[in-house]
Amino acid sequence: MSIDPKAWQTLTRGVVEIISEDELKAKLAKGKPLNIKLGVDPTAPDIHLGFTVVMRKLRQFQDLGHRVILIVGDYTATVGDPSGRNKTRPILSHEEVLRNAETYKQQFFKIVDPARTTVVYNGDWFSKMTFTEVTKLLAQITVAQMLEREDFKNRYEAGQPISLHEFLYPLMQGYDSVMIEADVELGGTDQKFNVLRGRELQRAIGKEAQVGLFLPILLGTDGREKMSKSLGNTIGIDEPPQAMYHKLYSLPDALVESYFQLLTDIPMEEVRSKLAEVAAGKSNPNGLKDELARNIVTQYHGADAAEKAAEEERRIHSGEALPQDIPVLQVKAGEHWVPALLTQAGIVKSNGEGRRMIENGGVSFDGEKLADAKVNVQVTGEHILRAGKRGFVKVLAKS
RNA sequence: GGGUCGAUGCCCGAGUGGUUAAUGGGGGCGGACUGUAAAUCCGCUGGCUUAGCCUACGGUGGUUCGAACCCACCUCGGCCCA
């Protein structure tokens with residue numbers, strides 16, 4: 001059986017590396033549903049667009065008739081994946097992991113089809129392993145091989161601690177592949193080392209090795225580092241449409257192409273020709289970013305929400321007009337110290353920060369810029385307090 | 001177990017008895033500019049209605065008029081030796 005070229009194009013869209021391509025073709029050519037593996041450690045409950053790159057790929061496999069096996073790493077999460085890390089991850093309790101796993105699944109199935117997915121917990125096998133079996137597993141790899149790994153090497157050379165249990169992680173992930181008989185394992189490029197361990201372990205027991213399919217690491221909104229919660233450069237899939245739209249719309253220019261490629265199904269020829277127009281100075285990148293933002297917001301919130309978010313964005317940036325749905329802060333009529341109002345509204349974390357913001361000229365009350373942090377304002381009816389670009393609050397006098 | 005070095009604000013990193021809430025960089029935030037951005041420039045970046053007070057330099061005690069800085073013990077980490 002030959003492989004449909006269109007299907008192949010879909011499956012390889014955005015893919016950085018396949019180990020190996022021939023093996024994948026051979027597996028696909030069997031014409032049988034393949035086991036597509038994704039392992040997750042629900043260390044943080046919120047899924048952001050960075051994770052969706054891989055999830056979208058899973059979905060594409062599903063749409064071609066394959067089945068997804070989601071491994072919830074309830075055991076591995078207690079070890080902590082050292083991939084790309086420069087320090088030891090904090091170890092989570094088992095209960096925390098299970099709790100996170102629930103919210104995780106909920107979000108996961110916004111993209112992946114639950115009907116074609118099997119969810120398993122790797123604690124099912126790891127909790128039953130004997131020490132002898134663990135030792136055997138450890139015998140599969142040498143210290144030198146471990147230290148060859150980029151992130152371990154860096155940490156080791158930088159004099160950063162590496163706990164021994166972190167060496168266990170790649171082997172555990174590989175063992176997962178053995179247990180579920182994975183045909184293909186998906187992951188970011190940072191997963192290469194771990195995925196390759198799966199191939200070795202499968203071969204070691206005489207089974208067909210899984211194929212590793214690697215996707216790029218999505219950069220975060222700062223345009224510099226990978227999207228990650230700890231760097232605060234994420235776009236969460238549960239974020240309100242407005243926030244999502246805004247972040248995508250103000251994306252650094254350099255990221256636009258990769259976001260289209262990894263997060264949408266829009267044909268790349270189309271995207272590239274538009275990018276060429278922008279590069280030639282024939283059009284403004286706003287249009288493209290608007291299209292990107294609408295497309296992605298639509299995926300998670302629907303077309304209406306996307307339309308509204310786009311309008312809202314325009315309203316705010318066109319100048320005078322205010323956004324709809326400004327949070328309301330009710331206070332007693334009379335004199336109020338602005339920094340305290342800002343703190344109460346949750347726009348700033350402390351009165352001191354609010355004071356500074358005023359001194360920096362970032363705060364206005366009813367459209368009038370405040371110059372002095374000491375002066376109070378009179379609240380008589382309804383007022384608009386604005387701090388910074390996006391901090392709006394409607395101050396309402398309590399009657 | 002022995003030796004040795006180290007732990008400073010969101011991060012990195014200066015400071016080694018007295019205007020030190022603590023140089024500098026990164027990041028973040030605000031302002032100008034702009035295409036929403038980027039780049040650039042300016043300002044801010046512990047808390048408190050602030051000429052002042054409080055909290056802070058791994059922890060606990062101590063020395064001293066006075067400590068991030070000196071001493072003791074403890075905790076954690078790197079390296080070398082076993």
Side-chain angles (χ1 to χ4, degrees), chain A residues 85-88 90-91 152-164 166 219-235 242-259 274-275 277-294 296-297 309-319 321 323 331 334-344 346-365 368-377 385-392:
Chain A
R85 278 267 154 165
N86 50 17
K87 32 170 114 152
T88 307
I91 290 184
F152 282 144
K153 194 163 89 188
N154 290 345
R155 281 164 65 181
Y156 192 67
E157 281 169 2
Q160 295 281 327
I162 303 171
S163 291
L164 209 47
E166 293 180 69
L219 292 180
T221 50
D222 58 6
R224 234 169 262 132
E225 307 225 46
K226 76 171 206 176
M227 188 175 280
S228 122
K229 191 130 200 203
S230 53
L231 294 170
N233 60 2
T234 60
I235 302 175
Q242 226 106 280
M244 208 179 214
Y245 184 95
H246 173 73
K247 287 185 186 179
L248 288 164
Y249 189 58
S250 10
L251 209 64
D253 291 1
L255 295 190
V256 171
E257 181 172 350
S258 67
Y259 271 50
K274 284 183 187 166
L275 277 166
E277 277 180 32
V278 170
K282 281 187 204 149
S283 67
N284 193 298
N286 292 13
L288 257 180
K289 287 184 187 177
D290 172 63
E291 189 180 343
L292 176 71
R294 276 174 200 256
I296 294 173
V297 174
E311 270 173 41
E312 191 75 357
E313 182 76 13
R314 221 148 296 121
R315 184 176 294 122
I316 296 168
H317 287 287
S318 62
V331 295
E335 288 225 326
H336 286 275
W337 188 49
V338 178
L341 290 177
L342 292 173
T343 310
Q344 281 168 52
I347 294 172
V348 296
K349 286 198 277 305
S350 68
N351 293 352
E353 195 182 326
R355 181 205 316 276
R356 277 179 237 123
M357 219 178 203
I358 294 169
E359 282 161 1
N360 284 329
V363 179
S364 65
F365 187 72
E368 221 168 294
K369 190 177 265 193
L370 299 174
D372 189 346
K374 279 186 186 150
V375 172
N376 293 347
V377 292
L385 183 61
R386 177 174 186 174
K389 284 176 215 155
R390 302 186 66 79
F392 290 94

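So you know, we letter chains A, B, ... as the sequences are listed, proteins then strands, and number each from 1. Nothing here was measured: the structure is a model prediction, and the numbers come from that model.
When each of B:G27, B:G31, B:U36 is scored by its nearest atom to the side-chain atoms of A:Arg224, the top-ranked nucleotide is B:G27. Between B:U49, B:G30, B:U36, one nucleotide has an atom nearer to the side chain of A:Asn376 than all others, and that is B:U49. Residue A:Pro161 has its side chain nearest to B:G78 when only B:U49, B:G30, B:G78 are considered. The side chain of A:Asn360 lies closest to B:G43, out of B:G35, B:U49, B:G43. For A:Ser350, counting side-chain heavy atoms from C-beta on, the closest listed nucleotide (B:U49, B:G47, B:A37) is B:G47.
Here A:Tyr156 and A:Phe152 keep their ring centres 6.0 angstrom or further from each other.
With a cut-off of 3.5 Å on both Watson-Crick or G-U wobble distances, the partner of B:U64 is given as none. Using the Watson-Crick or G-U wobble rule with both distances under 3.5 Å, B:A32 pairs with B:U40. Under the Watson-Crick or G-U wobble criterion, with both distances below 3.5 Å, B:G77 is paired with B:C5. Within the shown strands, nothing qualifies as a pairing partner of B:U16 under the Watson-Crick or G-U definition with both distances less than 3.5 Å. With a cut-off of 3.5 Å on both Watson-Crick or G-U wobble distances, the partner of B:G52 is given as B:C48. The partner of B:U23 is absent, by the rule that a Watson-Crick or G-U pair needs both atom distances under 3.5 Å.
In the interface, the side chain of A:Arg355 is paired with the base of B:U50 through a donor and an acceptor atom under 3.5 Å apart.
If you take atom P in B:C80 and the same atom in B:C12, they sit 23 Å apart, rounded to whole Å. Rounded to the nearest Å, the gap between the P atom of B:U20 and that of B:G26 is 23 Å. One P atom belongs to B:C57, the other to B:A22, and the distance between them is 15 Å to the nearest Å. Using C1' as the reference atom, B:G18 and B:C70 are 14 Å apart when rounded to the nearest Å. Spacing of C1' atoms, B:U75 relative to B:G43, comes out at 41 Å, to the nearest Å. Distance noted for atom C1' between B:A32 and B:U23: 28 Å (whole Å).
Within the 4.0 angstrom heavy-atom criterion, no nucleotide atom of any strand lies near A:Arg390. Nucleic acid contact class of A:Asn351 (heavy atoms, under 4.0 Å, all strands): sugar-phosphate only. Heavy atoms of A:Lys289 sit under 4.0 angstrom from at least one base atom.
Residue A:Arg315 has no polar side-chain atom (N or O) positioned under 4.0 Å from OP1 or OP2 of B:U36.
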Item to complete: Output, in order, the C-alpha distance, side-chain angles, deciding distance and verdict of side chain to side chain contact (heavy atoms under 4.5 Å, CB included) for A:Ile316 and A:Lys389.
Response: CA-CA 9 Å; A:Ile316 296 168; A:Lys389 284 176 215 155; over 6 Å; no

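Where A:Pro252 and A:Lys369 each meet RNA chain B at their nearest nucleotide, the meeting point lying more 5' is that of A:Lys369.
Test A:Val363, A:Leu341, A:Leu385, A:Leu342 against A:Ile347 for side chain to side chain contact (heavy atoms under 4.5 Å, CB included) and you get one pass: A:Leu342.
Look at A:Lys274 and A:Glu277 and you find no salt bridge, because none of the NZ, NE, NH1 or NH2 atoms lies under 4.0 Å from a carboxylate O. With salt bridges taken as basic N to acidic carboxylate O contacts below 4.0 Å, none links A:Glu313 and A:Lys289.
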